Asks: 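I'd like to ask you about the structure that follows.
Fair warning: this is a prediction, and the values are worked out from it, not measured in the lab. Here is the naming used below: chain letters follow the sequence lines, and residue numbers restart at 1 for every chain.
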Amino acid sequence: MKAGEFEEGSHVLRAKIDMQHVNMHMRDPLMYRVLKKHHHRTGNDWCIYPMYDWTHGESDYIEQISHSLCSLEFKPHRELYDWFKEHVYGYAANELPMQPKQREFARLNLSYTIMSKRKLLKLVEDGVVSGWDDPRMPTISGLRRRGYTANSIRTFIEKVGVAKRENVIDVSLLEFCIREDLNYTAPRVMAVLDPIKVIITNYPEDKVEWLEAENNQEDDSAGFRKVPFSKEIYIEKADFKEEASNKFFRLKLGGEVRLKNAYIIKAESVVKNADGNITEIHCTYTTDTEKKVKGTLHWVSIKHAIKAEVREYDRLFMDEAPDSHQDKGFMEFINPNSLKTIEAYVEPSLAESSIGDRFQFQRLGYFNVDNDSKVDQLVFNKIVGLRDSWAKQKPIPQQQQNQNNKPQQQNKRSAIEQIKSYGKKYDRMQDDQREKAKAEIQELAKSISYEDVEALFGTSVKKAGTRIITMISLGVLLNNGLEKNEAINDFISKAKDDKNQLLVAEANAI
RNA sequence: UGGCCUAUGGUGUAACUGGUAACACGUCUGUUUUUGGUGCAGAAGAGUCUAGGUUCGAAACCUAGUGGGCCAACCA
């Protein structure tokens with residue numbers, strides 16, 4: 001066989017076990033088959049290849065490992081793993097005394113992506129991503145290129161834990177881990193991704209000041225750098241509105257705002273083009289930086305800023321668990337807008353940066369210098385944005401709506417649901433608390449139906465609280481004209497015999 | 001249909017060998033702040049899928065049901 005005398009498929013070597021075995025894998029499984037494939041080491045000389053089940057246990061045994069960890073779908077293979085292991089053990093029990101054990105655990109699934117190597121391969125082959133290390137890929141090389149530190153990946157894995165049930169881990173946990181790490185280590189810099197021009201009318205034409213900026217206030221050893229300031233600067237478009245409410249802490253006409261590491265400016269007027277879009281904001285500045293102002297903006301001096309490419313990533317898939325659908329393939333959920341390329345303006349100190357460096361672009365997020373970056377054409381990846389509690393207050397744009405459409409159970413719960421949640425604690429409450437709860441339940445009970453209550457009649461005896469709140473609600477319904485029936489009478493008379501005095505009292509009150 | 005695995009707040013994981021549920025993320029308050037970040041203080045949210053049973057006592061043990069997953073490749 002191994003010399004290639006036989007054709008593929010003509011001969012195989014099988015382990016003789018039991019063709020009647022309940023476990024399919026034990027029905028005389030194949031160990032070797034003829035495969036006339038080219039091998040990167042042996043070329044075309046070697047023509048038989050082993051099957052996974054046989055090789056798995058054999059190599060684990062030769063390596064003398066104690067535990068062989070794998071994912072859940074291999075559970076049915078364990079019996080065969082053990083069978084092979086026990087048969088091989090007899091040949092070298094003295095030299096190789098350790099018998100490995102296979103143990104299965106659930107695979108780690110991340111929300112809005114896929115983890116299967118075969119499926120990931122498809123993304124690479126179809127050109128959906130640029131390669132295995134595309135920053136959107138959940139591969140180690142992808143995460144690293146994206147800017148995730150080894151440390152953050154480790155803490156993530158630690159927090160996630162291991163168990164045997166199917167899971168989908170929220171990406172927000174991964175994002176938390178990288179933010180936590182980078183908050184202490186990443187130098188802060190300023191970059192403007194979506195610029196609008198600001199002219200400081202009372203600042204001298206050719207004047208340039210190099211202002212001192214703190215690199216990282218979380219790290220005393222990080223030191224300071226110089227940032228150039230001049231008459232014309234860029235700020236983010238989203239940081240200016242002609243008119244806005246008091247909740248908007250940023251720049252508006254007549255309003256003042258602090259420029260990070262620089263002065264306080266006041267917006268006086270705007271210049272618009274023919275389409276009515278703002279092209280320039282005219283401001284005045286004051287050197288009184290002690291003044292209290294609500295907002296602080298990041299900025300860059302136009303004449304000193306460096307143009308750079310920024311790659312902003314969104315989730316690869318629009319569905320939380322793209323490969324969990326029976327009727328649809330994961331490719332149907334691909335997010336067509338997972339990569340956005342932006343021309344940004346960054347502060348001049350970044351000219352010194354090199355591939356792999358990580359920064360916080362102040363107020364925006366964490367970014368790293370991509371492998372594609374060149375001295376004269378910097379390329380940054382957005383690793384993750386900063387948490388943004390302002391964004392939550394604004395209406396959610398269409399694009400992201402499906403990211404947060406999980407049911408928020410706290411809100412609009414039905415009356416019966418609210419009543420039931422009292423039941424969980426009712427019998428353990430203090431007297432005055434309980435009085436309040438009871439009043440609340442009686443109020444809520446006005447808007448429930450008999451069916452809601454009847455469904456709770458079967459509540460098991462030990463859940464006294466639930467039975468009490470059911471009794472109170474029933475009392476309200478009866479007061480409002482509900483006729484007693486057999487089920488109701490049953491429920492009441494059973495309650496009168498209960499050992500819980502609160503329940504007995506409520507039952508007697510009816 | 002059969003066999004195996006699994007079920008604990010929105011998510012993920014805990015709870016010693018039975019003693020009424022803990023941690024993290026997320027969510028929400030308040031506070032500090034030259035980042036609407038960070039920090040700090042706090043809150044809401046779970047009778048542990050359901051029904052029986054064992055027990056003084058069950059998230060845990062037993063039985064049945066239900067939901068989810070896996071297994072019938074000369075793939076791994």
Asks: Report the distance from atom CG of A/N109 to atom P of B/G68, rounded to the nearest whole Å.
Replies: 17 Å

Asks: Could you write out RNA chain B as a dot-bracket string, with dots for unpaired bases, | for bases paired across to another strand, and Watson-Crick or G-U pairs counted at under 3.5 Å?
Replies: .((((((..((((.....[..)))).(((((.......))))).....(((((..]....))))))))))).....

Asks: What's the CG-P distance between A/L110 and B/U13, to the nearest Å?
Replies: 13 Å

Asks: Just grab all the salt bridge (Lys or Arg N to Asp or Glu O under 4.0 Å) pairs involving residues 31-41 of chain A, residues at least two apart or on different chains.
Replies: A/E7-A/K36

Asks: Between the protein and nucleotides 37-39 of chain B, which nitrogen or oxygen pairs are less than 3.5 angstrom apart?
Replies:
residue	atom	partner	partner atom	Å
B/G37	OP1	A/S389	OG	3.0
B/G37	N2	A/R188	NH1	3.4
B/G37	N2	A/E218	OE2	2.8
B/U38	O2'	A/N183	ND2	2.9

Asks: Taking side chain to side chain donor-acceptor pair (under 3.5 Å) as the definition, give me every residue that meets it alongside A/Y32, ordered by chain and number, with sequence neighbours left out.
Replies: A/W54

Asks: A/L108 CG to B/U13 C1': how many Å, rounded?
Replies: 12 Å

Asks: With sequence neighbours excluded, tell me which residues meet side chain to side chain donor-acceptor pair (under 3.5 Å) with A/D194.
Replies: none

Asks: Have a look at A/P138 and tell me which of A/L120, A/I114, A/L143 forms a side-chain contact (heavy atoms from CB on, under 4.5 Å) with it.
Replies: A/L120

Asks: Using the P atoms only, state how far B/U48 lies from B/C61, rounded to an integer number of Å.
Replies: 14 Å

Asks: List for me each residue that meets side chain to side chain donor-acceptor pair (under 3.5 Å) alongside A/T155, sequence neighbours excluded, and say none if there are none.
Replies: none

Asks: With sequence neighbours excluded, tell me which residues meet ring pair (Phe, Tyr, Trp, His ring centres under 6.0 Å) with A/F229.
Replies: A/Y203, A/Y263, A/W299

Asks: Quick one: ring pair (Phe, Tyr, Trp, His ring centres under 6.0 Å) partners of A/H39, sequence neighbours excluded?
Replies: none

Asks: Determine the contact category for A/V168: base if any of its heavy atoms lies under 4.0 Å from a base atom, sugar-phosphate if only primed atoms, P, OP1 or OP2 are that close, otherwise nothing.
Replies: sugar-phosphate

Asks: Find the distance A/D323:CG to B/G69:C1' and express it as a whole number of Å.
Replies: 13 Å

Asks: When you check every protein heavy atom under 4.0 Å of nucleotides 71-76 of chain B, what one-letter string (B, S, -) results, 5' to 3'?
Replies: SS-BBB

Asks: Under the ring pair (Phe, Tyr, Trp, His ring centres under 6.0 Å) rule, collect the residues that match up with A/W210, sequence neighbours excluded.
Replies: A/H304

Asks: Using the closest heavy atom to pick a nucleotide of RNA chain B for each, name whichever of A/L174 or A/K260 lands nearer the 5' end.
Replies: A/L174

Asks: Round to the nearest Å and state the distance from A/N167 atom CG to B/U8 atom P.
Replies: 11 Å

Asks: Measuring only the C1' atom in each nucleotide, how far is B/U1 from B/G9? A whole number of Å is fine.
Replies: 37 Å

Asks: If you look only at pairs with a residue in residues 11-26 of chain A, which of them pass as a side chain to side chain donor-acceptor pair (under 3.5 Å), with sequence neighbours excluded?
Replies: A/H21-A/E79, A/N23-A/H25, A/N23-A/E79, A/H25-A/H77

Asks: Say you pick atom C1' in B/C28 and the same atom in B/U63; how far apart are they, in whole Å?
Replies: 43 Å

Asks: Within this structure, what is the CE-to-P distance between A/M115 and B/G69, rounded to whole angstrom?
Replies: 19 Å

Asks: Would you please name every residue forming a ring pair (Phe, Tyr, Trp, His ring centres under 6.0 Å) with A/H298, sequence neighbours left out?
Replies: none

Asks: When you compare B/U54 with B/C62, how far apart are their P atoms, in angstrom units rounded to a whole number?
Replies: 15 Å

Asks: Before accepting this row, confirm whether a basic side-chain N of the pair A/D60/A/K85 lies closer than 4.0 Å to the acidic partner's carboxylate O.
Replies: no

Asks: I would like to know whether A/V160 and A/L108 meet side-chain contact (heavy atoms from CB on, under 4.5 Å); could you show each step before the answer?
Replies: CA-CA 8 Å; A/V160 158; A/L108 186 164; 4.1 Å; yes

Asks: For nucleotides B/A59 and B/U6, find the distance between their C1' atoms and express it as a whole number of Å.
Replies: 15 Å

Asks: Among B/G36, B/C25, B/A14, which is the nearest nucleotide to the side chain of A/T296?
Replies: B/G36

Asks: Determine the Euclidean distance between corresponding C1' atoms of B/G36 and B/C23; express it in Å to zero decimal places.
Replies: 28 Å

Asks: With rounding to whole Å, what would you report as the distance between B/C71 and B/A15 at their P atoms?
Replies: 29 Å

Asks: What's the CZ-P distance between A/F105 and B/U13, to the nearest Å?
Replies: 12 Å

Asks: Starting at CG of A/L173 and ending at P of B/G9, how long is that distance when rounded to a whole Å?
Replies: 17 Å

Asks: Provide the distance between the two C1' atoms, one in B/A24 and one in B/U20, to the nearest whole Å.
Replies: 23 Å

Asks: Should A/T286 and A/D288 be marked as a side-chain hydrogen bond (donor to acceptor under 3.5 Å, both in side chains) after you check the CA-CA gap, both sets of side-chain angles, and the distance that decides it?
Replies: CA-CA 5 Å; A/T286 164; A/D288 174 15; 5.2 Å; no

Asks: Using a 4.0 Å heavy-atom cut-off across all strands, classify A/F248 as base, sugar-phosphate, or nothing.
Replies: base

Asks: Touch check for A/K291, heavy atoms < 4.0 angstrom, all strands: base, sugar-phosphate only, or nothing?
Replies: nothing

Asks: At less than 3.5 Å, do the side-chain atoms of A/R363 and the base atoms of B/U34 form a donor-acceptor pair?
Replies: no

